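Residue numbering restarts at 1 for every chain, and letters A, B, ... go by the order of the sequence lines. Because the structure is a prediction, the values reported are computed rather than measured.
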Amino acid sequence: MDRLRSHYSIEVNEEDYEKNIFLAGWIEDIRNIGSIAFIIIRDRMGTFQITVLKKNDPDIFEKLVTISRESVISVYGLCKRSDKARNGYEIIPKDIEILSIAKTPLPLGVVDKVESDLDTRLDNRFIDLRKKEIQAIFKIRNSIIQAVHEYLRSEKFVEVHTPNIIASSSEGGTDVFKLKYFEKEAFLAQSPQLYKQSLMATGLDRVYEIAWYFRAEEHNTSRHLNESTAVDVEMAFINSEEEVMKILEKLVYKMWEKAKENKIELEVLNKEIHLPSFPFKRITYDNAIDELNNENINIKWGEDLGSDEEKALGKIMKKEGHDFYFITKYPIEAKPFYTMYDNKYSRGFDLECNGVELASGSQRIHDVEMLEKRIKDCNLSLKGFDFYLKAFRYGIPPHGGFGFGIERFLMELLDIKNIRECILFPRDRTRLVP
RNA sequence: GCCCCGGUAGUGUAGUGGCCUAUCAUCCGAGCCUGUCGAGCUCGGGACUCGGGUUCAAAUCCCGGCUGGGGCGCCA
C-alpha cells in the first residue's frame, strides 16, 4: 500500500463516501458472524468499522477474523455510507496491511467488561493509555499546560529551565533524593525555589517553569507522588503578595476555562466543568481559625492546618459559595524560611480548593540579613545556601511567587481520586517501573 | 517515620479448616451463525504470592519474606 493513513476515523465525512481511503489503528474488536464480519478499529480520534463478506473477499476475511485484538493494521478500502455502522460509514476493504501483531492474551483488556486494579493498569500503562477515558485525562492535561504558557507569556513571563541536579538540599523540611555526581554528592531538586529566586537578581523580572519536583518522603497516599510536576512562578518589583495572588488566580481561572473547551474528552469522562467565581475569596489565617473554632474544631495558633482542618474549612467555604479561596497571613512558623513577614505574620498564602491545597506562595525576603537570620532561626546551615545568598548581595528587587502542583490541580478539575491517574508514569513509594 | 488492610487463571472475583478434582464473569482456543455494535449459542483451556509451622486434613489458622493498597504526619 502506498500510504498507511489518509484520515482519522472521525475526520471521514460525506465527501469521502464512495471513495477509497486509508485508515489505520488498533483492532479493538472482531465480530465474526459467519459469512460476514465486523472489525472495529480504534485510532487517536475514535473508532470505525470495517465490514467484510466472506464470499466477496475470502482472503481478506480470513486475515481479519484470525488476527489478534490490539494488533495494528492499515486498511485501504471503499468508504460506504451506512446507517447501521458507527459514524455513519463503513469501510469495505480492498487491501489490508498488518503492521504489528499483538500477543495473546493481553495483560490488560482495553475494552473488556472487567475492571482492572490501578496497579495492573500502571504495570501495563501503554495499554491502559489506549483507553479513551485514560487518554482524555492527558489530552486535558495538555490543554491546561497550553493555557499556562499562553497566559503567563501574555503577562510577560519568560519560561526558564533550572537544574534538577543540585549540590545542596534546597529548602530544608522535606527529604531529598541523594545521588552520586562523579566524585561529589548531589541531590535531586525538591523544587526550583532557590533558582527562580536567584533569577530575580538578573533583570528577567518575571519567570516561570514547568518544573519537576522530587521528594523522598515515604508517604503512601492517593495524593502524593515522589516525582511530580508544577507550575513555578516568580515575579519581581512587587509591593505585596497580593500581586502574586492576582496572577495565580487568573492563571487558575484560565486553566479551568481552557479545560472546559475539551468537550469530547469531558464527555468521555462524564464530567462537567463549572467555572469558579472570580476573583477568589481571601481569608486570613486568623479568620480561618475563628471559623473553625465556631465549628468546634480547635487548633493552636501558629500551627499549619492539618488535613481534617483543611477539609472542614473547605466545607465552610463551599457553603459560602467559594470553591477556591486563599488562606493568607499565615504565622511565620508555618512557612518556609524565605517567606517575607511582618512581625509574627508571614506574607505567605495557600490556594485551596475544596479543602485541598493546590498552591502555595508568598512575597519573599529580599534583604540578605533578614534572610540569613531566618535561615539560622529555622536551624538550617548557612553553608548550603552560599550561591543563593550571593544573589541577594548585589541588588535584588522585592519579589514573590508560587508553586502549583499540576497533578493535584487535575485531581480537583476532573474529580480524580488517585493522583497516580494524573501522571503518565507515576513514581510513588514503591513504583519505579515503568 | 507511624498505623491499618490485602495477595486465588491473562484480567476481575467467589470461597474463613474436610462439601475444592476451587465459583462466576471476562479472556484465550475450536465450532455454528449475512448486519454485529456489551453480538449470541455449543465445547474446551487456564489460578490458590513464596518459605516454614500447626493439624488426620490448609486457598482457609500461625510466623517470616516478597509484594500491593489505604490513612496519618509532611507537603504540591
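Comparing the same atom, P, in G29(B) and in G46(B) gives a spacing of 15 Å after rounding to whole Å. For the C1' atoms, the distance linking C19(B) with C37(B) amounts to 43 Å, nearest Å. The gap from the C1' atom of U55(B) to that of G38(B) amounts to 48 Å, rounded to the nearest Å. Nucleotides G73(B) and G68(B) have their P atoms positioned 24 Å apart, rounded to a whole Å. For the P atoms, the distance linking A47(B) with U42(B) amounts to 24 Å, nearest Å. Here, A59(B) and A76(B) have their C1' atoms 42 Å apart, quoted to the whole Å. Of the P atoms belonging to G6(B) and C63(B), the separation is 13 Å, rounded to the nearest Å. Between C20(B) and U11(B), the distance separating the two C1' atoms is 22 Å to the nearest Å.
Annotation: side chain of Arg223(A) is not in contact with side chain of Glu357(A) (no heavy-atom distance under 4.5 Å). Contact of the Tyr345(A) side chain with the Asp286(A) side chain is registered, since non-hydrogen atoms from C-beta on lie closer than 4.5 Å. A heavy-atom distance below 4.5 Å is not found between the side chains of Lys260(A) and Trp256(A). The side-chain heavy atoms of Ile41(A) and Leu23(A), taken from C-beta on, include no pair separated by under 4.5 Å.
Residue Asn32(A) is in base contact, counting any heavy-atom pair closer than 4.0 Å across all strands shown. Looking at heavy-atom distances under 4.0 Å, Arg429(A) makes no contact with the nucleic acid at all. Within the nucleic acid shown, Asn418(A) comes within 4.0 Å of sugar-phosphate atoms alone, with no base atom in reach, counting heavy atoms only. Using a 4.0 Å heavy-atom distance criterion, Glu218(A) is classed as a base contact. Here Ala359(A) lies in heavy-atom contact (under 4.0 Å) with sugar-phosphate atoms only. Within the nucleic acid shown, Leu53(A) comes within 4.0 Å of at least one base atom, counting heavy atoms only. Within 4.0 Å (heavy atoms only), Gln49(A) reaches at least one base atom of the nucleic acid. Contact annotation for Lys54(A): no contact, since no heavy-atom pair falls under 4.0 Å across all strands. Across all strands shown, Lys311(A) has heavy atoms under 4.0 Å from sugar-phosphate atoms exclusively, and none from any base.
Protein atom CG of Leu225(A) is 14 Å distant from nucleotide atom P of A76(B), rounded to whole Å. In this structure, Asp232(A) atom CG and C75(B) atom C1' are separated by 14 Å, rounded to whole Å. Remark: C1' of C75(B) and OH of Tyr330(A) are 12 Å apart, rounded to the nearest angstrom. One atom, CD of Glu412(A), and another, P of A76(B), lie 15 Å apart when rounded to the nearest Å. What separates CD of Glu90(A) from P of U36(B) is a distance of 12 Å, to the nearest Å. Rounded to an integer number of Å, the gap from Asp83(A) CG to U36(B) C1' is 15 Å. Spacing between atom CG of Leu118(A) and atom P of G70(B) amounts to 7 Å, rounded to whole angstrom units. Computed from coordinates, the Lys196(A) NZ to A76(B) C1' distance equals 12 Å when rounded to whole Å.
The residue from Lys281(A), Glu320(A), Lys318(A) that alone fulfils the side chain to side chain contact (heavy atoms under 4.5 Å, CB included) condition with Tyr325(A) is Lys281(A). With Glu242(A) as the fixed residue, the salt bridge (Lys or Arg N to Asp or Glu O under 4.0 Å) test singles out one of Lys329(A), Arg347(A), Arg282(A): Arg282(A).
With both pairing distances under 3.5 Å, C66(B) is matched to G7(B) as a Watson-Crick or G-U wobble pair. Shown here, C2(B) forms a base pair with G71(B); the pair counts as Watson-Crick or G-U wobble because both key distances fall under 3.5 Å. Using Watson-Crick or G-U wobble geometry with both donor-acceptor distances under 3.5 Å, C20(B) finds no partner in any strand shown. When both pairing distances are held under 3.5 Å, U36(B) makes no Watson-Crick or G-U pair with any nucleotide shown. When both pairing distances are held under 3.5 Å, A14(B) makes no Watson-Crick or G-U pair with any nucleotide shown.
Side chain of Arg420(A), nearest nucleotide from C72(B), A76(B), G70(B): G70(B). Listed candidates were C75(B), G35(B), G68(B). Nearest to the side chain of Ile33(A) is G35(B). Distances were taken from every side-chain heavy atom of Thr120(A) (C-beta onward) to each of C72(B), G10(B), U11(B); the shortest belongs to U11(B). Each of U36(B), G68(B), A76(B) was ranked by its minimum atom distance to the side chain of Lys84(A); first place goes to U36(B). Of all nucleotides listed (A76(B), C74(B), U11(B)), C74(B) comes nearest to the side chain of Glu217(A).
Shown here for Tyr213(A) and Gln190(A), the closest heavy-atom pair between the two residues is CG-O, 3.3 Å. Between Leu424(A) and Pro426(A), the closest heavy-atom pair is O-CD, 3.5 Å.
Not a single donor-acceptor pair, N or O on each side, falls under 3.5 Å between the base of A76(B) and the side chain of Arg223(A). A donor-acceptor contact under 3.5 angstrom links the side-chain atoms of His224(A) to the base of C74(B).
Taking the six-membered ring where the residue is Trp, Phe280(A) and Phe324(A) present parallel rings, their angle staying beneath 30° rather than reaching 60°. Using the six-membered ring where Trp is involved, Tyr253(A) and Phe278(A) have ring planes that are tilted, between 30° and 60° apart.
Neither OP1 nor OP2 of G35(B) sits under 4.0 Å from any side-chain N or O of Lys80(A). In this structure, Ser35(A) reaches the U34(B) phosphate: one of its side-chain N or O atoms is under 4.0 Å from OP1 or OP2. In this model, the phosphate group of G12(B) is not approached by any side-chain N or O of Arg121(A) to a distance below 4.0 Å at OP1 or OP2. Taking 4.0 angstrom as the limit, Arg31(A) places a side-chain polar atom (N or O) nearer than this to OP1 or OP2 of A39(B). For Ser222(A) and G71(B), the shortest distance from a side-chain N or O to OP1 or OP2 is below 4.0 Å.
Atoms CD1 and NZ, from Ile36(A) and Lys54(A) in turn, are 12.5 Å apart once rounded to the nearest 0.5 Å.
Heavy-atom distances to RNA chain B give each of Thr430(A) and Glu309(A) a nearest nucleotide, and the one nearer the 5′ end belongs to Thr430(A).
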Mark up nucleotides 23-29 of chain B, 5' to 3', with B wherever a protein heavy atom is under 4.0 angstrom from a base atom, S wherever such an atom reaches only the sugar-phosphate, and - elsewhere. --BSSS-
